[in-house]
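See structure below.
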Amino acid sequence: MAFLLSGWLAHAQEVKALYKNKDASIEERIEDLIPRMTLEEKVLQMNQWTYGKNANPNNIETAMKKVRPEIGSLIYRSTNPLFRNQIQKKAMEESRLGIPIIFGFDAIHGYKTVFPIPLAQACTWDVELVRRSCEVSARECWLSGVDWTFSPMIDVARDPRWGRVAEGYGEDSYANAAFAVAAVQGYQGDSLADKYTIAACLKHYVGYSLSEGGRDYHYSDVSGQTLWETFMPPYRAGVAAGAATLMSGFNDISGVPASANYYTLTEILKKRWGHDGFVVSDWGSVENLIAQGVAKDRKEAGFKSFMAGVEMDMVDDVYVENLPQLVEEGMVPMSSIDEAVRRILRVKFRLGLFDQPYVDDIPEKDRYLRPTDLALAEQIAAESMVLLKNENQLLPIQPTAKKLAIIGPMVMDSVNLMGSWEGMGEPRHVSTIYNGLQKEFGADTKLIYAKGCAFDGTDTLGFAEARKAAMEADMVLLFLGEQKKWSGENGSRSSIALPNIQEKLMEAIYETGKPIVLVLSNGRPLELLRLNELAGAILEIWQPGTMGGAAVAGILSGRINPSGKLSITFPRTVGQIPMYYNMRRPARWMGYYQDIDKEPMYWLGHGLSYTTYSYGELQLSARKINKDEKIRARIEVSNMGIRDGKEAVLWFISDPVASVSRPVKELKFFEKKHIDANGVQVYEFEIDPGRDLSFYDKNGVKHLESGRYLVQVQDEKVEFEIVD
Ligand code: NOJ
C-alpha cells in the first residue's frame with residue numbers, strides 16, 4: 001500500500017511539473033525547472049559537445065553511446081533526422097528531468113542547397129533575397145535535425161588577406177547590420193517555435209575581423225571609437241532583431257580576449273542591450289585563454305570566461321570539468337550558474353524543444369534542393385555576380401560567336417564553386433560552369449575546352465593546348481580563381497593575387513590576340529593589377545554555390561542582366577591594405593604611396609550592367625531641419641537601354657565637420673529595384689537625424705550634432721543643415 005502511495009505521489013508530482021506544461025509561460029517554466037536541477041545537471045546544460053565527426057554510421061553509433069543524456073548541446077554533423085531523434089529520445093527519456101538537447105551546425109550559406117558565400121550575397125544589395133536564402137537554409141536544417149545555426153557572421157571585414165572575409169557581408173557596418181537583420185529574420189521566422197525555423201547565432205562577437213595582418217586567430221586592436229562606430233552596430237541590430245544567441249570570438253580585443261570580455265559580453269550585450277538568450281564560446285575559445293596568456297590553466301580559463309558572460313562552452317569541456325569545483329570553492333556564485341542555465345533553457349523553450357523535441361522525417365527529395373529553392377539559389381548567385389569591366393561591350397556574348405574557348409581550372413570544378421563552409425552541400429549537386437555553358441549555348445555553339453593549368457603549382461604543360469583552343473575560337477572565356485580552402489576559417493593569404501601559374505596562363509592566352517572574358521571565382525577581393533589590363537571584360541562570380549554554373553552562363557549569354565555591386569573594395573595591391581570606402585579624411589590627401597595609384601582597383605559599390613542607368617537630380621524635401629524632423633531624399637533613375645535591369649541605389653551621408661573626425665562618407669540606406677528597358681524608377685530615402693546622422697563616441701553613446709551634412713548617391717551630392 002505504502003509503495004503504491006509513493007508511486008502515485010511521484011506520478012502526481014510528475015504530472016504537476018510546471019516546466020512540462022506548455023500552457024505555462026516560458027519564464028514560469030524556467031523558474032520551475034532550475035530548482036529541480038543538480039549542479040552537475042546545470043553545468044552539463046552549459047556544455048556543447050560534438051556528435052559524429054563525419055556522417056559515417058559507425059562513428060555516429062559509437063559517438064552516440066558516449067553522449068550523456070543530460071548534455072546541453074551537440075554540434076550535429078549528420079543529415080539524418082532519425083539519428084537526431086534517437087539522441088533526443090535519450091535526453092528526453094533517459095535523463096532525470098528530460099531536458100531536450102539543442103543541436104547546432106554551421107549552415108553559413110545554405111545547408112544542402114548551397115547559396116553564394118555571404119560576401120557575395122551582400123553584392124545583391126537585396127535584403128529580401130538574403131532573408132529568403134536563410135529561410136531555405138533553416139528549413140533544410142530543421143528537417144535534418146538542426147535547431148541552431150552558427151550564422152550569420154557579421155564581422156565587418158576590411159582586410160582581404162583574412163580568409164573569413166568570405167563569411168561576412170563585406171566592409172561596411174550598415175550593410176552588415178542590414179543583412180544581419182535579414183538573416184535573423186530568415187532563420188528565426190515569426191516564431192522560433194514554428195516548424196522550419198532555427199535559432200540564429202551572431203558571430204564572432206566582437207572585433208575578430210581585425211586580426212592583425214589578416215592572420216586568423218590573432219590579436220585585434222581596436223579603439224573604443226572604432227569598436228562602437230564600426231564593429232558593434234551589426235551586433236546591436238542583430239540583437240534588436242531577436243537573435244537567440246551569439247558566439248564569442250577567438251580574438252583578443254586590445255588585451256582582453258573576446259571570450260573573457262566582461263565589457264562586451266555583460267556590460268553591453270546583456271545589461272545595455274538586454275539580450276536574454278545565451279552566448280556560446282567559439283570552438284575551444286575558453287581553453288584558448290591559456291594560449292592567449294590570460295589564464296594559467298583550464299580552471300582559470302573557465303572561471304574568466306564564465307564570469308565574463310559566456311554561458312555555453314563549445315567542445316573543450318572546461319566548464320564541466322571546473323565549474324562545479326569553482327562553485328564549491330565559492331569562486332562562482334550559484335546565482336550566476338542559474339542565470340546562465342536560465343538563458344540556455346529560455347532558448348530551448350522558445351524553440352519549442354520541450355514540447356516538440358523531435359523533427360519530422362520526410363523523404364530527402366522533399367527535404368532538400370527543391371526546385372523553388374534551386375531557382376532562388378540561381379537568382380541569388382546571378383544577382384551577386386559583379387561585372388567589373390566590360391570594354392567595348394564584349395559581354396554579353398554575341399550570337400555570332402559560335403566558337404568559344406573555355407579555359408581554366410574552374411571550368412569543370414564542382415567543389416570550389418561551393419566556397420568554404422559549404423554546409424552539407426555535395427559536389428554532385430553543383431551546376432558546373434561547363435554544364436551551365438553547355439545548357440545555355442546549346443548544340444550550335446562549339447565549346448572548346450582546355451584546362452590550361454591547375455589552381456596552383458608550376459606545371460605549364462597545359463598552356464599549349466589552351467592557346468590552341470583560343471586560336472580556334474572567336475573569343476576566350478577564361479575561368480580562374482581560388483580553391484575553397486584558400487578562404488574561410490584559417491584560410492588567410494599573405495598575397496591576394498591569383499597564383500603565378502594562373503596569371504601566366506592568362507598572359508599566354510593574351511598573346512594569341514583573342515578577346516578575353518575573365519571570369520573569377522574567389523572568396524575574397526583579388527589583386528587584379530596585372531590581369532585587369534589583359535581582359536576585355538571581367539565578371540566576378542565569387543563562390544556562387546549549387547547553382548553557380550547556370551547563373552554564370554546566364555550572364556555570359558545575356559539571358560540575365562548583371563546587377564551585382566561590390567560589397568567590399570578591391571585594393572590595387574596587397575600593400576594598399578587597409579583600403580575601404582569609408583576611411584576618415586587624412587590631414588593631407590597626398591599622403592599615398594609613391595609607387596602606385598592612390599585609388600584602389602574597384603571601390604565598394606562598383607558594378608556594371610548590360611544597360612545604362614541615368615541618375616536624375618537628387619532632391620530633398622527640405623534643406624534645413626531641426627533634430628527631430630526628417631528629410632525625404634529622392635532620385636529618379638532611368639534605364640536608358642533596351643534591356644530590363646535591376647539597379648541598387650546606395651545612399652551615403654557625410655558629415656564634413658564634427659566634434660570627432662568622421663568618415664569621408666557612410667552608407668546609410670540601400671535599395672534595389674527592377675527598372676524596365678526605357679523605364680524610370682523613383683528611389684527614396686527618409687533621413688532620420690537620430691538614426692542616420694548621429695554617431696557613437698568611444699563609450700557607445702550616440703551624439704547628434706547640428707551643422708552641415710551631405711547626402712550622396714553616386715556622384716550627386718546635396719547639402720542640408722541641422723539646426724538646434
Ligand atoms: C570555429 C569557427 O570559428 C566558428 O565560426 C564555427 O561556428 C565553429 N568553429 C563551429 O564549427
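First listed ligand is number 1; within each ligand, the first listed atom is number 1. Predicted model, so just to flag it, every value in this text is computed and none were measured.
Close approach to Phe150 involves these atoms of ligand 1, each under 4.0 Å from a residue heavy atom: 7 (O). The ligand atoms of ligand 1 that sit less than 4.0 angstrom from a heavy atom of Lys203 are 4 (C), 5 (O), 6 (C), 7 (O).
Remark: minimum distance from atom 9 (N) of ligand 1 to any protein heavy atom is reached at Asp282 OD1, 3.3 Å. Looking only at heavy atoms of the protein, atom 11 (O) of ligand 1 is closest to Asp106 OD2, 2.4 Å.
Between Tyr319 and Phe306, the two ring planes are perpendicular [angle over 60°; tilted spans 30° to 60°].
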### Task
Decide side-chain hydrogen bond (donor to acceptor under 3.5 Å, both in side chains) for Ser144 and Tyr368; before the verdict, give the C-alpha distance in whole Å, the side-chain angles of both, and the deciding distance to 0.1 Å.
CA-CA 9 Å; Ser144 314; Tyr368 307 132; 2.7 Å; yes
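Residue pairs meeting the salt bridge (Lys or Arg N to Asp or Glu O under 4.0 Å) criterion with at least one member in residues 418-427, sequence neighbours excluded, are Lys112-Glu426, Glu422-Lys484, Glu426-Arg428. Here salt bridge (Lys or Arg N to Asp or Glu O under 4.0 Å) pairs that include residues 121-136, with residues two or more places apart or in two chains, are Glu128-Arg131, Arg131-Glu135.
Not a single N or O atom of Glu167, backbone or side chain, sits closer than 3.5 Å to an N or O atom of ligand 1. Checked by distance only, ligand 1 and His204 come closer than 3.5 Å through their nitrogen or oxygen atoms.
Assignment of Met247 to the shell around ligand 1 is supported, since a heavy atom sits closer than 4.0 Å.
Counting heavy atoms under 4.0 Å from ligand 1, residue Glu489 touches it through the side chain alone. Contacts with ligand 1 closer than 4.0 Å are made by side-chain heavy atoms of Arg164 only, the backbone lying farther away.
A salt bridge between Glu311 and Arg346 is absent, with no side-chain N of the basic residue lying under 4.0 Å from a carboxylate O of the acidic one.
Between Ser248 and Leu265 there is a side-chain heavy-atom pair separated by less than 4.5 Å.
Of the residues listed (Thr264, Val310, Asp282), the one engaging Tyr205 in a side-chain contact (heavy atoms from CB on, under 4.5 Å) is Thr264, and it is the only one.
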